[in-house]
Amino acid sequence: MDFKNPVFLASGTFEYGLIYKNVTKKMGAIFTKGITLQPRKGNPPPRIYEAACGLINSVGLENPGVKLFREEVLPRMRELKTKIFVNVAGFALDDFVKIVGELDSRVDGFELNVSCPNVKTGGVAFGRDPEICAEVVTNVRRVTKLPIIVKLTTNFCDPLAIGRRCVAAGADGLSLINTLHAMAFDVVQKRVLITGGLSGPAIKPVALFCVHRLRDLGVPLIGMGGIMSGRDAYEFLLAGASAVSIGSATLRDPYAPLRILKEFEKIVKRLGWEAGKDG
Ligand SMILES: Cc1cc2nc3c(=O)[nH]c(=O)nc-3n(C[C@H](O)[C@H](O)[C@H](O)COP(=O)(O)O)c2cc1C
């Protein structure tokens, strides 16, 4: 698949790309907010908490559900003329298959968000179990010929073991990392203020380590986690990624992806595309 450029918009941080259209249009691809079978209102506040060098989010997959997304959101996204990957969020194996079935041939590809709790296994995330993850990919493979990317979690599991099984099951690419489990306290009330996922510069070193660990799996990797500059993006290239996604940086500055893309192009021109000695 050819992209305008290898700098993408990460799932959940740029909604559907319709607010800052002039940014979305310039990027290689947009990954939508996680789409579920049914509409979801998401979690009550607080949903975002600023941590040191990053943020904790607890949005709770707020989205219109696959039917409304297909009828009302997708046609407007198509006008943006950039590649659209739908982030598919399932709570059961069947959810993934149904959502992909509803959208097949209307989008450019799918990113399977396997971080949701699996209702059948008492809430253990799909993404923690290599066999269940592979089963999701095998089943989705049957209903689409479009590219399937698996968005890996690193929470309480080894992404290498999971990535390997997903590739064997037919995944065309892997994206990593998703947010890390995190928590913050209200010290006056002496209670938990927020439980959610940590993102931003705080997780960049973890993300680089994980991308580097998976670089020999033989499929393209999309690296993400704390990319705030072209230099950060270039580090992911050195680690073994073929493309990068910008997430939390857009919450501080919605135009950051344009700046990062420019900086990235400049640094690639100066230092070359080839990965370093270790890459
Ligand atoms: C507010 C927010 C919402 C997110 N929603 C999703 C989502 O719906 N699906 C998903 O796979 N990842 C989601 N993510 C994770 C990001 O796509 C990305 O993997 C992660 O934030 C790391 O990149 P970053 O540090 O550049 O933000 C979300 C992240 C944030 C901050």
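No experiment lies behind these values; they were computed from the predicted model shown. The basis for the numbers below is simple: all heavy atoms, side chains too, and nothing from hydrogens, waters or symmetry mates. Order of listing sets the numbers, starting from 1, for every ligand and every atom in it.
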> For ligand 1, is there an N or O atom under 3.5 Å from any N or O atom of G247?
Replying inline: yes
> Looking at the rings of F69 and Y16, which for Trp means the six-membered one, are their centres under 6.0 Å apart?
Replying inline: yes
>> I'd like to know if the side chain of T24 reaches the main chain of Y20, judged simply by a donor and an acceptor atom lying under 3.5 Å from each other, with no hydrogens or angles considered.
In response: yes
>> I want to know if ligand 1 touches T13 in the polar sense, i.e. an N/O pair below 3.5 angstrom.
In response: no
> Can you name the closest pair of heavy atoms from G247 and A10 and give their distance?
Replying inline: CA-CB, 3.8 Å
> In the single-linkage hydrophobic clustering (I, L, V, M, F, W, Y; side-chain heavy atoms under 4.5 Å), do L93 and V143 co-cluster?
Replying inline: yes
>> Quick one, E131 with R165, criterion salt bridge (Lys or Arg N to Asp or Glu O under 4.0 Å). Give me CA distance, side-chain angles, the key distance, then yes/no.
In response: CA-CA 7 Å; E131 295 315 311; R165 289 292 289 114; 2.9 Å; yes
> Hey, is ligand 1 close enough to G34 that some N/O pair sits below 3.5 Å?
Replying inline: yes
> Between N57 and ligand 1, which part of the residue brings a heavy atom under 4.0 Å of the ligand: side chain, backbone, both or neither?
Replying inline: side chain
> So which protein heavy atom does atom 15 (C) of ligand 1 come closest to, and at what separation?
Replying inline: N178 OD1, 3.4 Å
> Quick one: nearest non-hydrogen protein atom to atom 3 (C) of ligand 1, plus distance?
Replying inline: G12 O, 3.4 Å
>> Please list, in number order, the atoms of ligand 1 under 4.0 Å from a heavy atom of S248.
In response: 24 (P), 25 (O), 26 (O), 27 (O), 31 (C)
>> Quick check against the 3.5 Å criterion: does T32 have a side-chain atom that pairs as donor or acceptor with the backbone of N87?
In response: yes
> Nearest protein heavy-atom contact for atom 14 (N) of ligand 1: which residue, which atom, what distance?
Replying inline: S11 O, 3.2 Å
>> Keeping N5 on the side-chain end and G28 on the backbone end, is there a donor-acceptor pair under 3.5 Å?
In response: yes
> What about N113: any of its N or O atoms under 3.5 Å from an N or O on ligand 1?
Replying inline: yes
> Is there a side-chain hydrogen bond (donor to acceptor under 3.5 Å, both in side chains) between S175 and E111 once you walk through the steps?
Replying inline: CA-CA 8 Å; S175 52; E111 179 180 55; 2.6 Å; yes
> At a 4.0 Å threshold, what atoms of ligand 1 neighbour a non-hydrogen atom of L61?
Replying inline: 8 (O)
> With a 4.5 Å heavy-atom cut-off, do F126 and K120 have their side chains touching?
Replying inline: no
> Quick one: which ligand 1 atoms are inside 4.0 Å of a heavy atom on M224?
Replying inline: 18 (C), 19 (O)
> Under 4.0 Å from ligand 1, counting heavy atoms only, is it the side chain of I177, its backbone, both or neither?
Replying inline: backbone
> What orientation do H181 and F156 show, parallel under 30°, tilted 30 to 60°, or perpendicular over 60°?
Replying inline: tilted
> Cluster question for you: counting only ILVMFWY and a side-chain heavy-atom cut-off of under 4.5 Å, with indirect links fine, are L80 and L74 together?
Replying inline: yes
> Which protein non-hydrogen atom lies closest to atom 5 (N) of ligand 1, naming both residue and atom, and how far is it?
Replying inline: K33 NZ, 3.0 Å
> What protein heavy atom is closest to atom 12 (N) of ligand 1, reported as residue, atom name and distance in Å?
Replying inline: K151 NZ, 3.0 Å
> So which protein heavy atom does atom 21 (O) of ligand 1 come closest to, and at what separation?
Replying inline: S199 CB, 3.3 Å
> Taking both backbone and side-chain atoms of G200, is any N or O found less than 3.5 Å from an N or O belonging to ligand 1?
Replying inline: yes
> Are any of the N/O atoms in E111 less than 3.5 Å from those in ligand 1?
Replying inline: no
> In terms of atom number and element, which parts of ligand 1 are under 4.0 angstrom from non-hydrogen atoms of G226?
Replying inline: 24 (P), 25 (O), 26 (O)
